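Along the sequence shown, the residues carry numbers beginning at 1. It should be emphasised that the depicted structure is a prediction, and the values quoted were computed from it without experimental measurement.
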Amino acid sequence: MIYSVIFASLVLGAVVCAIQICRADFRRRIIPDAWLFPLMLIGLVITAFWGWPVSITDGAVGATIGYAMTAGVGALFTWVRRHHHDKYPPVGMGDIKLMGVGGLWLGTSGLAMATIIACAAGAIWAWRRNTHYIPFAPFFIGGAIIALIGMGFLL
């Protein structure tokens, strides 16, 4: 009984962190560590003690892949766009850390699913609004929720 209450409290805390991350990225173009690190710690506790939604091993591999993949893409975009004098880099450190946290929560297969959904939804959003800035966090978190639901039914 107490474990169910603790689990539900942790999930509720993760939802609050995710909502705050989305709001901050839309409003200020930043993903604050004050919300990102608790989301990471909650994901670490849930995967370590409950094994949900993935095992701790798959979560660690997913976190490593998510962090490294996004850091590589960010470095590539920065190198390609080095002649532009934008105030913000195309991929910030918050995005890189968010992908690492997403990999921890979702594992490798869920991370791939969430990333594809986020990129497609973000591209459609940017095309419809005719903008170059895409707040990645809301789309990634939405993709992560869809991936969690899909993992529950598919895996």
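- Taking each heavy atom of Gly110 and Ala147 in turn, the nearest pair found is O-CB, 3.6 Å.
- Clustering ILVMFWY residues whenever any of their side-chain heavy atoms sit less than 4.5 angstrom apart, transitively, puts Phe153 in the very cluster that holds Leu148.
- The side chain to side chain donor-acceptor pair (under 3.5 Å) check on Asp58 picks up Thr108, with sequence neighbours excluded.
- Hydrophobic cluster membership differs between Ile30 and Phe136, with clusters built from Ile, Leu, Val, Met, Phe, Trp and Tyr side chains linked at under 4.5 angstrom.
- Side-chain contact between Trp105 and Thr47: absent, with no pair of heavy atoms (C-beta onward) separated by less than 4.5 Å.
- Proximity of Met151 to Val54: side-chain heavy atoms (C-beta onward) are separated by under 4.5 Å at one or more points.
- Rounding to the nearest 0.5 Å gives a distance of 5.0 Å between CH2 of Trp52 and CZ of Phe7.
- Side-chain contact between Met113 and Ile117: present, with at least one pair of heavy atoms (C-beta onward) separated by less than 4.5 Å.
- Members clustered with Phe26: Trp125, Ile134, Phe139, by chain and number, using a 4.5 Å side-chain heavy-atom cutoff among hydrophobic residues.
- Looking only at side-chain heavy atoms (C-beta outward), Val91 and Thr78 stay at 4.5 Å or farther from each other.
- Val11 and Ile149 fall within a single hydrophobic cluster, where Ile, Leu, Val, Met, Phe, Trp and Tyr are joined by side-chain heavy atoms under 4.5 Å apart, directly or via other members.
- A distance of 9.0 Å separates CG of Leu36 from SG of Cys17, quoted to the nearest 0.5 Å.
- Between the CD1 atom of Ile146 and the CD1 atom of Ile141 there is a distance of 12.5 Å, given to the nearest 0.5 Å.
- Rounded to the nearest 0.5 Å, atoms CG (Leu98) and OG1 (Thr70) are 8.5 Å apart.
- The two residues Pro138 and Cys22 come nearest to each other via the heavy atoms CA-SG, 3.5 Å.
- With rounding to the nearest 0.5 angstrom, the CE atom of Met69 is 11.0 Å from the CD1 atom of Ile96.
- When all heavy atoms of Asp25 and Tyr133 are compared, the closest pair comes out as O-OH, 2.8 Å.
- Enclosure of atom CZ in Phe77 is not indicated, since only 12 or fewer non-hydrogen atoms of other residues, nucleotides or ligands lie within 6.0 angstrom.
- Leu44 and Tyr67 fall into different hydrophobic clusters, where Ile, Leu, Val, Met, Phe, Trp and Tyr are joined by side-chain heavy atoms under 4.5 Å apart, directly or via other members.
- If you take OG1 on Thr115 and CE on Met99, they are separated by 3.5 Å, rounding to the nearest 0.5 Å.
- By the 4.5 Å heavy-atom criterion applied to side chains, Trp50 and Val45 are counted as neighbours.
- Test Leu111, Ile145, Ile31, Ile21 against Phe140 for side chain to side chain contact (heavy atoms under 4.5 Å, CB included) and you get one pass: Leu111.
- For the pair Gly43 and Leu104, the tightest heavy-atom approach, listed with the atom from each and the gap, is C-CD2, 4.0 Å.
- In this structure, Trp35 and Val16 have side chains that are in contact, with non-hydrogen atoms separated by less than 4.5 Å.
- Neither Val5 nor Val15 shares a network with the other; the hydrophobic side chains, linked directly or stepwise wherever heavy atoms of I, L, V, M, F, W or Y lie under 4.5 Å apart, form separate groups for each.
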